[in-house]
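The block underneath contains the structure these notes are about, expressed in structure tokens.
In what follows, every chain begins at residue 1, and chains take the letters A, B, ... in the order their sequences are listed. The figures here come from the full heavy-atom set of this structure, side chains too, leaving out hydrogens, waters and symmetry mates. Here the structure is a predicted model, which means the values were calculated and not measured.
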Amino acid sequence: MNFSDQDKKGWRLLGLPFIFSVLLLAVPLATMFALSFWTQDYLVLKKTFTLANYKEAWFEPVYQKLFNRSLIISMTVTFLTISFAFPVAYFISFYGGRRKALWLFFITIPFWTSYLLRMFLWKVILGYNGVLNSFFKWLGIITEPLTFLLYNSNAVIIALTHGWAPFAILPIFVSLEKIDRSLLEASKDLGDSSFQQFFRIILPLSIPGLIGATLIIFIPTIGDYITPKLVGGPDGLMIANMIQVQFSKANNAPLSAALSVSSLLIVGLISIIFVFLNKKHLRTF
Amino acid sequence: MKATNEDLVHAIVSLNNIKKSFNDIVAVNDVSVQIREGEFFSLLGPSGCGKTTLLRIIAGFESPETGDILINDKLVNSTPPNIRPTNMVFQNYAIFPHLNVQENVGYGLQNTKLTSKSIKNKVDEILDMVGLGGFNFRSSSALSGGQKQRVALARALILKPRVLLLDEPLSALDKNLREQMQFELRQLQKSIGITFILVTHDQTEALTMSDRIGVMFDGIVDQVATPEDIYTKPATKRVASFIGNMNFFRSNILSSTAESVRVESDLLGVLDIDKVNIFGGSKAKVSIGIRPEKFKFKKPNGGKKVKSLAGKLIQKTFLGENLLFSLDVGKKANKVYISLTPSGEGAYPKVGENVTVYYSLNDLLAYFEV
Amino acid sequence: MYKTNKLLKIFVIGFLIFLYAPAVLLPIFSFNSSQVISFPLSGFSTKWFGQLLNEDTLHDALLNSLIIAVLSSALATMLGTLTARAASRYKFFGQKVTMGFILLPLILPEIILGVCLLTVLIQLGLNLSLWTVVLGHTLLILPFATLILLSAFNNLNISLEEASLDLGMNAWQTFYKIILPMVTPGLISSLLIGFVISLDEFIIAFFLTGVDPTLPVYIWSQLRFPAKLPSTMALGTILLIVSLILVSFFEYYRRRIEKYSQALTRGK
């Protein structure tokens, strides 16, 4: 392999960021990967190869349950967020007129405060003496506070759906904006009703945005730590919470590493499927 | 290409066996061209023929894989563009959007030891020359296409280059402005005497502006000649069909003498063609070419040299400056095109009529089939 | 047509209420005199804001967060500039793989990044400090900086650089006089976005910080104490207002740039 002029010039620039990423990303990921095949006896690491951690992570009911719940929660959140986001993005793109930027700005305003506090505020809203319960009591609908609102998977789903909504609106909005408006006129001209037009033109052309939004929401929510910890209670905990517990409190870093690697595998697999779907879809144009 | 007396005029840019390819696609294939000091030279060809790459090799943005490039007798193969005595007018003008007209035009002078006052004077002078006097503090975003073009020109000329390179500088302008700028550029070049090398795909532009034209196809320069020679004596079949229109007739060679070659074609019959009008190697098949405007409806004087062709007129198209007739000559061959400049005298044949058209043997060109 | 339009409008308004619900509670409860966060409200008070003034740990945490945010956004913007320039200008061996790798933190759950980095630091026997958080945050911000700067560098027409070289400037002069002024909006966006992400980031900071908490780590610790909740709400209100001012400024600036570039393309 001989290096061209482009190779030299490119690497002269990329050298520093590359070294940085190797030291802070490749080395840590490799270490974690190695760690997942070792064992820890209290504070001492045993560096003999074993698959025991993976066996435990994949077959112990506790962890299986957590993986399942994390997947279900983040899939539900993704589905809900996109279902809410699409009409909003559609509204802004098609009826936003000259104030599209202002509408987008309005949608992002509530998200310019700490993620921690936003998630915590759902605890305030859904709690035993929370906003909803005290409001319902004041209205006289209930006499005793509702207890099923907080500390379960539903609370996690509500909080996450709220927290990630703008991240779904933006990519969908962008793909709707990209639709050439003359296509819509053409479809009307060829006899489509508004309803037909939506399903035959607008929806298919916004699929790249929908897939982008799916990935943007699915990936971070499956690994979210804060929300389940704050509003999930014992029944709403997710895999990230277990990774943290095993790593620090339980002093079982190897198991924590195996759980991390397994989550990465799941996330990676699903991302690849979606990226593949996106490419296949784009090829049909 | 053989050296002629004309090639002995000092060559300001000398390209010798230049080759350049990008990822296995050959953009410039063994090109040798001498560009003379003080001439207006055009590189003409369809898009993708390598003319822009050749210009960028002269400017120093690309380096040739093989071959030498000399500017003012100095080998500049590895000289970076900022050191070369060439300046360029870019296709999209490349006006720096964050600088005003004054700063754009004076850009290259900031690197010299000139005081800001003398830079200002030089900018004023050159802006006057390109017809933008007083535009110094205009924002570059407030300029029209034509004005941007003048700024780009002033910015390059202020550095007094030995060679000015122009990469399709007029392609973004509308037709009227383009024609005006063609005229102005030509005048400017003659008055300042700097060598201009223009890249264009527009044959009219090249024919009207240039002293000499190099016609390029697929990385090869087919012909370097004056506009007249390019039009009347195109050296290859592809030059002949790229410049203007040409009717082609496939023919076989029957025999040849010292002065002429006897050929036979389905349509034209047996003809003797002068050797000066024959281009290319010696193979059995030739294409005979004749420009549409060489056909006449009235028989001209010319004795044995005049030949005729009969057929049915199937279409008449008015093209503004001339009329184009299509003649169906019966046999399986294609249509023959005939072009006339309307002169008002006499009536033209109507569509559907059977007509006879006349041409002179002197107007035939022949190209050996590749 | 009109009917769907109206239904859609009602849906959008309902969605906006859902979006704003938690954020609206922040100022309400931070001015509520009761220590218990629930309805009905008991009365107006600014005492919770006053309490913030005396919290030394809060002030230290805020300072730590600001230092970390400034350093990590500057570092990420610098590395991102190198990456974006390399990717937009050259095609070279290993480019795609390296780019993908640099962008990888975008799709890694933060908890995993935190665990990974902490594992290595422990193995190396390094002490946790503000610097370890700076490095972690730089890693996290770098993909954002790279993407923002990549679009800035891709918008840069290469013929402008060539024109500058052609007019006699060398590569450094060209960078300073042409490239830098033209990518400045991208640089500012990158710095701002990086700053905001770092300021709000909790998990990596939680894992990598030593004895000095950052602002989110401080808030996390306060959430456990019901008595501290109202003043935490007050803190949240202040943060919301400050970031709104920052974002509005950014939006205003972005629009000016947009108008400017629209003017440029119109002039074509």
Between chain C and each of [options], count heavy-atom pairs under 4.5 Å; write down the option with the most.
options: A:Lys229, A:Met32, A:Lys9; answer: A:Lys9
options: A:Leu23, A:Val22, A:Leu230; answer: A:Leu230
options: A:Ile92, A:Ile109, A:Leu264; answer: A:Ile109
options: A:Val131, A:Ile107, A:Leu16; answer: A:Val131
options: A:Phe94, A:Phe33, A:Phe120; answer: A:Phe120

Check each atom of [X] against the heavy atoms of chain C and say whether the ones under 4.5 Å are side chain, backbone, both or neither.
X: A:Ala26; value: both
X: A:Phe20; value: side chain
X: A:Ala240; value: both
X: A:Trp138; value: neither
X: A:Phe106; value: both
X: A:Leu126; value: neither
X: A:Phe91; value: both
X: A:Ala257; value: neither
X: A:Thr31; value: side chain
X: A:Ser260; value: both
X: A:Pro220; value: neither

- prompt: After noting the C-alpha distance and the side-chain angles of A:Trp11 and C:Gln95, does the key distance pass the side chain to side chain contact (heavy atoms under 4.5 Å, CB included) rule?
  reply: CA-CA 9 Å; A:Trp11 277 106; C:Gln95 182 181 17; over 6 Å; no
Which one wins on heavy-atom pair count under 4.5 Å against chain A: [options]?
options: C:Thr237, C:Thr138, C:Leu239, C:Val24; answer: C:Thr138
options: C:Leu235, C:Ile203, C:Asp200, C:Leu135; answer: C:Asp200
options: C:Gly136, C:Ala21, C:Ala86, C:Gly94; answer: C:Ala86

Less than 4.5 Å to any heavy atom of chain A: does that hold for the side chain of [X], its backbone, both, or neither?
X: C:Leu215; answer: neither
X: C:Phe11; answer: side chain
X: C:Leu229; answer: side chain
X: C:Ile107; answer: both

task: Show your working on side chain to side chain contact (heavy atoms under 4.5 Å, CB included) between C:Phe29 and A:Leu121 and close with a plain yes or no.
output: CA-CA 11 Å; C:Phe29 287 112; A:Leu121 283 165; 5.7 Å; no
Is any side-chain heavy atom of [X] less than 4.5 Å from a side-chain heavy atom of [Y]?
X: C:Leu104; Y: A:Leu25; result: yes
X: A:Asp7; Y: C:Lys91; result: no
X: A:Trp103; Y: C:Leu16; result: yes
X: C:Lys9; Y: A:Tyr95; result: no

If every non-hydrogen atom of [X] is compared with every non-hydrogen atom of [Y], which pair is closest and at what distance?
X: A:Leu24; Y: C:Leu117; result: O-CD2, 3.4 Å
X: C:Thr232; Y: A:Leu117; result: CG2-CD2, 3.9 Å
X: A:Gly223; Y: C:Pro109; result: CA-CB, 3.9 Å

- prompt: Does the ring centre of C:Trp220 sit less than 6.0 Å away from the ring centre of A:Tyr115?
  reply: no
